[in-house]
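Atoms within a ligand are numbered from 1 in the order they appear, just like the ligands themselves. Every heavy atom of this structure was used, including side-chain atoms; hydrogens, water molecules and symmetry mates were not.
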Amino acid sequence: MERTLIIVKPDAMQRGLAGEILSRFERRGLKIVGLKLIHIDQALANRHYGEHQGKPFFNGLVGFITSSPVIVGVLEGTNAVAAVRSTMGPTNPTSAGPGTIRGDLALELGRNMVHGSDSPESAEREISLFFRPEELLDYTRDADRWIFE
Ligand code: DAT
Ligand code: MG
């Protein structure tokens, strides 16, 4: 089992496609173990996108991700990092195939709808930026108390 961080970005929120995006991950078989609606501030955006600091698109990227509330979530499943990335499609939506979130719903590189961690190490780092451990469900521990498994 693996966990990964997703962000439903401002373009998806503004277009009313948050449910569509979460639904695609759920239908893939990934479990939502953490979820919140937040407005990312500049400091958090700088940390989250730290690897891109100094790149020409960095300021635009931070401006975009802080431009409206977003949904951040933690998804769990077998190879969750790779499963989320393949469900999203490649970074540039014009290269993303049909059937992927970016291929079906986006066209612009700077408006590509969704974030997903790019490795298990990034996932661990990013999850800890947005969630405290007690905010995440543990299905293995708690499934017998819930009406689903
Ligand atoms: P991804 O979101 O697929 O992990 P990334 O981590 O390389 O892609 O970049 C983060 C975001 O920055 C990406 O979703 C869109 C934006 N971005 C990346 N490369 C860009 C570029 N050359 N010009 C403008 N925006 C870019
Ligand atoms: Mg990335």
When you measure from atom 15 (C) of ligand 1 to every protein heavy atom, which one gives the shortest distance, and what is it? Leu109 O, 3.5 Å

Thr66 and Gln42: side-chain donor and acceptor closer than 3.5 Å? no

Among Asn112, Asn92, Ile65, which one puts a heavy atom closest to atom 13 (C) of ligand 1? Asn112

Tell me the contacting part of Lys9 for ligand 1: side chain, backbone, both, or neither, using a 4.0 Å heavy-atom threshold, strictly below. side chain

Answer yes or no for Met88: is there a heavy-atom contact with ligand 1 below 4.0 Å? no

Identify the protein heavy atom lying closest to atom 2 (O) of ligand 1, giving its residue, its atom name and the separation to 0.1 Å. Arg102 NH2, 3.2 Å

Among non-hydrogen protein atoms, atom 5 (P) of ligand 1 lies closest to His52 NE2, 3.5 Å

Part of Arg85 with heavy atoms under 4.0 Å of ligand 1, whether side chain, backbone, both or neither: side chain

Tell me whether the rings of His115 and Tyr49 are parallel (<30°), tilted (30 to 60°) or perpendicular (>60°). perpendicular

Could you tell me the separation between the CZ atom of Phe25 and the CD atom of Glu20, rounded to the nearest 0.5 Å? 11.0 Å

Would you tell me which option among Thr91, Ile7, Leu61 has the nearest heavy-atom contact to atom 3 (O) of ligand 1? Thr91

List the atom pairs, donor and acceptor, that lie under 3.5 Å between side-chain atoms in residues 98-110 and the rest of the protein, sequence neighbours left out.
{"residue": "Thr100", "atom": "OG1", "partner": "Gly97", "partner atom": "O", "Å": "2.7"}
{"residue": "Thr100", "atom": "OG1", "partner": "Gly103", "partner atom": "N", "Å": "2.9"}
{"residue": "Arg102", "atom": "NE", "partner": "Asn112", "partner atom": "O", "Å": "3.2"}
{"residue": "Arg102", "atom": "NH1", "partner": "Gly89", "partner atom": "O", "Å": "3.1"}
{"residue": "Arg102", "atom": "NH1", "partner": "Pro90", "partner atom": "O", "Å": "3.4"}
{"residue": "Arg102", "atom": "NH2", "partner": "Val114", "partner atom": "O", "Å": "2.8"}
{"residue": "Asp104", "atom": "OD1", "partner": "Gly99", "partner atom": "N", "Å": "2.8"}
{"residue": "Asp104", "atom": "OD2", "partner": "Arg24", "partner atom": "NH1", "Å": "3.0"}
{"residue": "Asp104", "atom": "OD2", "partner": "Arg24", "partner atom": "NH2", "Å": "3.1"}
{"residue": "Asp104", "atom": "OD2", "partner": "Gly99", "partner atom": "N", "Å": "3.3"}

Should Ile6 and Val72 count as side-chain neighbours, where that means a heavy-atom distance under 4.5 Å? no

Note: Glu135-Lys36 ion pair, threshold 4.0 Å (strictly below): yes

Nearest to atom 25 (N) of ligand 1 by heavy atom, Phe57, Tyr49, Phe58: which? Phe57

